[in-house]
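What follows is a short report on a single structure.
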Amino acid sequence: MDKERALRIYLAEDESIILNWIKSELLDMGYDVIGCATDGKTAVAEVLLLEPDMVIMDINMPEMDGISAIEKIVEARLVPVIVITGYSDPELIDRANEAGVFGYLIKPIDIHELYSTIKITQRRFEEFKNVLCNLKDVKGALEDRKYVEKAKGILMDRFGLTEEQAMKTMQKKSRNTNKKLARVAKDIIVSEQILK
């Protein structure tokens, strides 16, 4: 329950009665409702300012519809969003999906469904962040590998080394200078460019 209590939620709903009811239910569940809005424009500004852990937003909002608001929020900041709507229109669902929505609730909202959607959204968002992090690591490793291969080629050409000798030379330099192998490779590439 500690994670639930720590979760900071921003709520946007144009109907005050529904907004207050959802807010009350979220508080009863142990969540922290850090802000509310009844229009899309205010929601965007406050979400970007308050940086909640999750956003729950109605699609039909004045001044800026919920999906447009979500697009602006997600463009500026990675945050899980659950949309609320009175419609199950496939086009609307596609649009919400493209905007980066993690959950979709149809009115009238069932409180148990709201709870389970929040829990699933939390979990999916954590998985999504892990995938992004792993992707960055893989991209970084591939980029580093390119530098190492290029530096090996430079050492092989310049000093007549075999591939294994070039690699051992870079590894030794890495140990002696306490630099990562990719950093040593980049230094070799830069030195070669200066010498040309």
Side-chain angles (χ1 to χ4, degrees), residues 1-140:
M1 202 70 174
D2 287 343
K3 276 190 174 181
E4 293 172 26
R5 291 187 197 288
L7 192 70
R8 298 164 60 248
I9 297 177
Y10 188 90
L11 180 59
E13 164 63 59
D14 68 326
E15 295 179 46
S16 297
I17 294 169
I18 295 174
L19 180 122
N20 290 328
W21 176 75
I22 295 172
K23 180 179 178 181
S24 173
E25 292 295 339
L26 290 172
L27 293 171
D28 287 348
M29 288 179 206
Y31 296 114
D32 184 10
V33 179
I34 62 166
C36 296
T38 55
D39 70 85
K41 223 173 191 179
T42 302
V44 171
E46 290 187 353
V47 165
L48 296 180
L49 178 70
L50 298 172
E51 298 186 347
D53 301 319
M54 183 177 292
V55 175
I56 299 175
M57 184 173 303
D58 187 11
I59 288 180
N60 295 320
M61 302 278 281
E63 294 193 44
M64 180 186 296
D65 73 79
I67 294 179
S68 297
I70 291 163
E71 288 169 342
K72 289 207 174 293
I73 290 166
V74 172
E75 188 179 293
R77 184 173 174 269
L78 191 59
V79 62
V81 180
I82 297 171
V83 294
I84 301 169
T85 182
Y87 311 99
S88 61
D89 175 22
E91 190 177 308
L92 202 56
I93 293 169
D94 287 344
R95 200 169 154 228
N97 195 25
E98 286 175 25
V101 167
F102 278 78
Y104 195 95
L105 289 169
I106 298 172
K107 293 177 185 176
I109 298 168
D110 174 80
I111 207 61
H112 301 292
E113 192 178 344
L114 175 62
Y115 178 78
S116 60
T117 301
I118 289 170
K119 297 299 287 175
I120 290 168
T121 296
Q122 265 185 287
R123 179 64 186 254
R124 293 290 172 258
F125 185 68
E126 287 305 314
E127 289 171 358
F128 178 72
K129 284 196 316 189
N130 287 337
V131 167
L132 280 183
C133 193
N134 290 338
L135 184 60
K136 281 183 185 175
D137 290 347
V138 168
K139 280 184 175 179

Is the CD atom of E113 crowded by more than 12 outside heavy atoms at less than 6.0 Å?
-> yes
Going from CG on L49 to CD1 on I34, what distance comes out if it is rounded to the nearest 0.5 angstrom?
-> 9.0 Å
Between CD1 of I84 and CG of L114, what distance do you get to the nearest 0.5 Å?
-> 7.0 Å
Heavy-atom side-chain proximity of R77 to P52 below 4.5 angstrom | yes
Residues in side-chain contact (heavy atoms from CB on, under 4.5 Å) contact with L27, at least two apart in sequence or another chain | K23, V33
Atom pair OG1/CG of T121 and D53 - distance to nearest 0.5 Å = 13.0 Å
Applying side-chain contact (heavy atoms from CB on, under 4.5 Å) to M64 and not counting sequence neighbours gives K41, V44, S68, A69, K72
Is any side-chain heavy atom of I56 less than 4.5 Å from a side-chain heavy atom of L26?
-> yes
Which residues pass the side chain to side chain donor-acceptor pair (under 3.5 Å) test with D39, sequence neighbours left out?
-> T42
Pairwise side-chain contact, I109 with E13, heavy-atom cut-off 4.5 Å (strictly under) | no
Exam field: side chain R8 to backbone E51, donor-acceptor pair closer than 3.5 Å = yes
Under 3.5 Å, is there a donor-acceptor pair between the side chain of S116 and the main chain of H112?
-> yes
Neighbour count >12 (heavy atoms, 6.0 Å) for atom CD, E91 | no
Heavy-atom pair with the smallest gap, counting every atom of Y10 and A37 | OH-CB, 3.1 Å
How many angstroms lie between CD1 in I82 and CD1 in I9, if you round to the nearest 0.5 Å?
-> 7.0 Å
For residues I111 and W21, determine if any side-chain heavy atom of one lies less than 4.5 Å from a side-chain heavy atom of the other.
-> yes
Report the relative orientation of the aromatic rings in Y31 and Y115; use parallel for angles under 30°, tilted for 30 to 60°, perpendicular for over 60°.
-> tilted
If every non-hydrogen atom of E46 is compared with every non-hydrogen atom of C36, which pair is closest and at what distance?
-> OE1-O, 3.5 Å
Is there a side-chain contact (heavy atoms from CB on, under 4.5 Å) between I18 and D58 once you walk through the steps?
-> CA-CA 10 Å; I18 295 174; D58 187 11; over 6 Å; no
Ignoring hydrogens and angles, tell me if any N or O in the side chain of E15 forms a donor-acceptor pair with the backbone of I17 under 3.5 Å.
-> no
Ring pair (Phe, Tyr, Trp, His ring centres under 6.0 Å) involving Y104 - partner list, sequence neighbours excluded = none
Under the side-chain contact (heavy atoms from CB on, under 4.5 Å) rule, collect the residues that match up with E126, sequence neighbours excluded.
-> K129
What residues form a side-chain contact (heavy atoms from CB on, under 4.5 Å) with V101, not counting sequence neighbours?
-> I70, V83, A96
Can you tell me how far CD of E75 sits from CG of L48, rounded to the nearest 0.5 angstrom?
-> 10.0 Å
Do L78 and F125 come within less than 4.5 Å of each other through their side chains, counting heavy atoms only?
-> yes
Here the gap from D14 atom CG to I59 atom CD1, rounded to the nearest 0.5 Å, amounts to 11.5 Å
Over all heavy atoms of both residues, which pair between S16 and T38 is shortest? Give the atoms and the distance, please.
-> OG-CG2, 4.4 Å
Identify the two heavy atoms, one from M57 and one from G66, that lie closest to each other, and give their separation to 0.1 Å.
-> SD-O, 3.5 Å
